[in-house]
Amino acid sequence: MSADEDIRKNIKELKREKDVVIVAHNYQTGLIQDIGDYVGDSFGLAQKVNEMDVSNVVFCGVDFMAESAAILNPDKNVIHPEPESRCPMAAMVDMDELKSYKEKNPDTAIVSYVNTNVETKARSDICCTSSNAVKVVRSVDEEKVLFLPDKNLGRYIKRFIDDKEVEVWEGYCGTHDDITAADVKGLKDEHPDAEVVVHPECRPEVIDIADYAESTAGILNRAKESDVDEMIIGTEKEMGYRLRKEVKDKEFYFPGDPTCQNMKKITPEKVLRSLETLEPVVEIEDEVAERALKPLEKMVDLGRG
Ligand code: SF4
């Protein structure tokens, strides 16, 4: 038996023995996706954890995802196998800067992408994911919105909002921001009939030459529905694993080598250790968790876009 098969077997046995469900983000490695009971985007996983009747959830994703699951589910033990698996974009919001912005702009709605840390969420009016960001911005009563932290997603939202002023924070996801229009065009030259679907965290000029901008769940749906034979996908490359597993009648091409190293810090060995010890559990200070809960609940209540 190979080392991978050995780990898979041990994980399967431990899951049976203990009251544990494993959820994995679409950007996790193929092996982690395979051992996950549910694989999805941040919105889908948040919804799934809410619905589950289970005591322990091993969350294979970056820090803000596990934190959000813990805040939304105080009755469950949310276990993050590698606390150092952190999203650098979430860390691009400086708390002092945000505090001072709020003081100067008391009538502005703070809409934060779910890719933020818990302190940012606690200072926000509502959260959103890439699949419901436009719907969320439309839902707020205020005429002015500060969207944070992703400038690319913020600029994308602005394309659809004409009755509000949307100010955008200067954060970005390096993985998506590194995807260039030249790389996409190069692939399009090689595969002229391919449909181009990119994540809205990509730069505006990449979105401009795409046929669709979608969350990872949207990309998967598009791949299942579209009748083309080839697709060019602008998002983290591990999404290709899920696409190729679930959509067998198409070829998928990725521009460049878009990799989120932070997601890859979760390894099967660390998942196995978490199953053995049921640790490390995500711990959030009650007062901050309470303040972050409302904007997260509003996001979930609004549903996908
Ligand atoms: S892909 Fe980008 S937004 Fe997602 S966790 Fe990695 S750095 Fe953060």
Side-chain angles (χ1 to χ4, degrees), residues 23-30 32-33 36 39-46 49 59-70 78 80-94 111-121 124 127-133 136 147-157 168-180 183 197-204 206-207 213-220 233-243 254-267 270 282 296 299:
V23 298
H25 190 267
N26 288 319
Y27 299 159
Q28 291 291 306
T29 62
I32 298 283
Q33 291 190 33
V39 182
D41 64 354
S42 41
F43 190 86
L45 294 181
V49 176
F59 206 112
C60 301
V62 289
D63 54 348
F64 72 81
M65 298 176 178
E67 282 176 359
S68 300
V78 176
H80 191 206
E82 176 45 87
E84 288 306 311
S85 173
R86 298 176 189 276
C87 171
M89 177 163 71
M92 288 178 187
V93 181
D94 178 83
V111 177
S112 71
Y113 193 18
V114 72
N115 303 29
T116 43
N117 63 31
V118 64
E119 287 81 12
T120 305
K121 289 185 178 81
S124 302
C127 293
C128 70
T129 68
S130 55
S131 65
N132 72 359
V136 165
F147 183 83
L148 45 81
D150 185 9
K151 63 179 177 186
N152 289 332
L153 180 59
R155 287 177 193 152
Y156 177 68
I157 293 166
V168 174
W169 201 265
E170 278 299 308
Y172 62 93
C173 160
T175 308
H176 287 92
D177 199 63
D178 279 353
I179 297 173
T180 66
D183 283 341
V197 190
V198 304
H199 196 281
E201 285 174 22
C202 289
R203 291 172 182 223
V206 172
I207 295 176
E214 295 282 357
S215 66
T216 52
I219 291 172
L220 181 66
I233 306 293
T235 193
E236 214 272 351
K237 66 175 182 189
E238 221 74 56
M239 186 66 203
Y241 182 80
R242 182 146 189 225
L243 288 168
F254 284 71
D257 185 32
T259 309
C260 177
Q261 295 298 349
N262 310 287
M263 285 276 182
K264 308 298 181 274
K265 289 184 181 164
I266 308 275
T267 62
K270 289 174 188 171
V282 177
L296 273 171
M299 172 190 90

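Note that ligands are numbered from 1 as they come in the structure, with each ligand's atoms numbered from 1 the same way.
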S.K.: Mind checking side-chain hydrogen bond (donor to acceptor under 3.5 Å, both in side chains) for Arg203 and listing every partner two or more places apart, or none if nothing turns up?
M.R.: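 Testing Arg203 for side-chain hydrogen bond (donor to acceptor under 3.5 Å, both in side chains), a comparison that skips the adjacent residues, returns Asp177.
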S.K.: Which protein heavy atom lies closest to atom 3 (S) of ligand 1, and at what distance to 0.1 Å?
M.R.: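 Checking every protein heavy atom, the shortest distance to atom 3 (S) of ligand 1 gives Asn115 ND2, 3.3 Å.
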S.K.: Among the protein atoms near atom 6 (Fe) of ligand 1, how many are N, O or S and lie under 2.8 Å away?
M.R.: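 For atom 6 (Fe) of ligand 1, protein nitrogen, oxygen or sulfur atoms under 2.8 Å: 1.
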S.K.: What's the spacing between His80 NE2 and Phe59 CZ if we round to 0.5 Å?
M.R.: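 Atom-to-atom, His80:NE2 and Phe59:CZ are 8.0 Å apart.
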S.K.: Does ligand 1 have an atom that lies less than 4.0 angstrom from a heavy atom of His25?
M.R.: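 No, that is not the case, since the closest heavy atom of the residue is not under 4.0 Å from the ligand.
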S.K.: Taking the side chain as C-beta and beyond, is there a heavy-atom pair between Leu153 and Phe147 under 4.5 Å?
M.R.: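 Sidechains of Phe147 and Leu153: in contact.
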S.K.: Cys173 versus Asn115: any side-chain heavy-atom pair under 4.5 Å?
M.R.: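 Cys173 does not reach Asn115 side chain to side chain.
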S.K.: Which atoms of ligand 1 are found less than 4.0 Å from any heavy atom of Glu201?
M.R.: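 Within the 4.0 Å cut-off of Glu201, ligand 1 contributes 3 (S).
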S.K.: Taking it one step at a time, do Tyr27 and Thr235 satisfy side chain to side chain contact (heavy atoms under 4.5 Å, CB included)?
M.R.: CA-CA 9 Å; Tyr27 299 159; Thr235 193; 2.7 Å; yes
S.K.: Kindly check if the number of other-residue, nucleotide or ligand heavy atoms within 6.0 Å of CZ (Phe254) is above 12?
M.R.: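 Count over threshold, so yes.
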S.K.: Side chains of Thr29 and Tyr241: is there a donor and an acceptor less than 3.5 Å apart?
M.R.: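 Side-chain D/A pair, Thr29 to Tyr241: absent.
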